[in-house]
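Here the structure is laid out as structure tokens; the discussion comes afterwards.
Fair warning: this is a prediction, and the values are worked out from it, not measured in the lab. Just so it is clear, the values below take in all heavy atoms, side chains as well, and ignore hydrogens, waters and symmetry mates.
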Amino acid sequence: RTPPLPTATRRGLALLAGILGCAAIYGGSTLLISGVAHYQAQAFIEHWEQKPSAPTEPAWQIAHAAINRAIHSHPGPNGAYLETLGYIQQWRTFGVDLNDPQAREHRQAAAQALREATQARPTWPFAWSSLAYAKMTLLSFDDDFTLALQQAQHFGPWRIGVNRRIAEIGLIAFDALNDEQRALAAESMRRTARFSTREHA
């Protein structure tokens, strides 16, 4: 027969169990808070996509606050949440000319959020193609832009949404691209056309 544990040991184990229980409750509550906030932010994006038109300032502020709440409530970097933040920053400049200096702050914030999203989920092609698009809106066709195109195609070679976004970049900024970037855009155009042909066959 196993002898009973000393009173001090039992108290220590009970205290440890209580601490672990509180930590689990806290962790679960923060995940719930961040998940609900992210859902709210995504709902705004879906609504804006249905129009599509620039969001009102109050609506954008609410969506921006929600996604920041989601990011800060989550215990670690969350690629999906960071990607959503990038999209919300991009919606702030919807319809604004690429050369408009007043939009640059939000476009830089979008690129930074999407860059962090690729670091959190390096194999997720949509974040890479979105980062390339964000760089395009900054008229920044540097090595990071090229890498984003390459990674998007590498991790999502036949993802139609990824290829359509890269093809769009190519159509908008073709004259500003170098030969390698044009080749990447042209390949996505071919893939998009091939998909469209099968879709309507």
Side-chain angles (χ1 to χ4, degrees), residues 33-74 77-100 102-118 120-121 123-140 145 148-149 151-153 155-173 185 188-189 191-196 198-200:
I33 291 170
S34 63
V36 170
H38 183 237
Y39 178 83
Q40 181 185 15
Q42 283 187 309
F44 276 95
I45 293 177
E46 291 172 4
H47 177 70
W48 299 335
E49 287 174 341
Q50 290 173 0
K51 299 185 180 180
S53 61
T56 64
E57 180 66 19
W60 187 86
Q61 291 291 349
I62 294 172
H64 187 246
I67 192 56
N68 276 303
R69 188 162 60 251
I71 290 170
H72 296 138
S73 298
H74 200 269
N78 185 297
Y81 295 0
L82 291 164
E83 190 175 345
T84 299
L85 172 60
Y87 297 150
I88 288 174
Q89 290 287 7
Q90 287 179 327
W91 272 101
R92 185 65 178 79
T93 62
F94 181 84
V96 179
D97 189 87
L98 292 179
N99 292 307
D100 191 330
Q102 294 184 345
R104 188 169 183 82
E105 179 181 352
H106 290 287
R107 287 173 173 155
Q108 287 177 329
Q112 180 59 30
L114 291 164
R115 187 178 295 107
E116 292 177 13
T118 63
R121 291 199 297 179
T123 63
W124 183 238
F126 291 95
W128 285 109
S129 62
S130 296
L131 174 58
Y133 189 89
K135 296 280 291 185
M136 182 202 69
T137 65
L138 288 166
L139 304 176
S140 180
F145 171 77
L149 294 177
Q151 296 293 78
Q153 285 191 344
F155 291 115
W158 293 107
R159 295 265 193 171
I160 187 59
V162 170
N163 283 289
R164 278 178 176 161
R165 178 46 61 99
I166 297 174
E168 181 184 2
I169 292 169
L171 292 172
I172 294 173
S188 280
M189 291 177 193
R191 293 175 183 178
T192 301
R194 194 177 308 171
F195 178 86
S196 300
R198 290 201 309 267
E199 189 177 41
H200 295 98

Minimum side-chain heavy-atom gap [X]-[Y] below 4.5 Å:
X: Arg107; Y: Leu98; result: yes
X: Asn99; Y: Leu139; result: yes
X: Thr118; Y: Gln151; result: no
X: His47; Y: Phe44; result: no
X: Ile169; Y: Lys135; result: no
X: Asn163; Y: Phe195; result: no

Is atom [atom1] of [X] surrounded by more than 12 heavy atoms (other residues, nucleotides or ligands) closer than 6.0 Å?
X: Gln61; atom1: CD; result: yes
X: Tyr39; atom1: OH; result: no
X: Gln102; atom1: CD; result: no

Counting only N and O atoms by type, is there a donor-acceptor contact under 3.5 Å from the side chain of Asn78 to the main-chain atoms of Ile71?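 No; zero donor-acceptor contacts below 3.5 Å.
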
Strictly distance-based, threshold 3.5 Å: is any side-chain N or O of Ser73 a donor or acceptor partner for the main-chain N or O of Ala70?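 The answer is no, because no donor-acceptor pair under 3.5 Å joins these two groups.
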
Is there a side-chain hydrogen bond (donor to acceptor under 3.5 Å, both in side chains) between Arg191 and Gln153? Walk through the geometry before answering. CA-CA 10 Å; Arg191 293 175 183 178; Gln153 285 191 344; 4.5 Å; no

Closest approach of Ala37 to Ala66 (non-hydrogen atoms, all atoms of both residues):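 Residues Ala37 and Ala66, closest heavy atoms: CB-O, 3.3 Å.
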
Determine the minimum heavy-atom distance between Tyr87 and Ser130, stating which atoms define it.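 That would be OH-OG, 2.9 Å.
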
Approximate separation, where rounding is to 0.5 Å, of Arg194 CZ and Trp158 CH2: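 Arg194 atom CZ to Trp158 atom CH2 measures 4.0 Å (nearest 0.5 Å).
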
Could you label the plane-to-plane angle of the [X] and [Y] rings as parallel, tilted or perpendicular, counting under 30° as parallel and over 60° as perpendicular?
X: Trp60; Y: His64; result: parallel
X: His74; Y: Tyr81; result: perpendicular
X: Trp124; Y: Phe126; result: tilted

For the residue pair Gln112 / Arg115, report whether a side-chain donor-acceptor contact shorter than 3.5 Å exists.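 Yes, Gln112 and Arg115 have a side-chain donor paired with an acceptor closer than 3.5 Å.
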
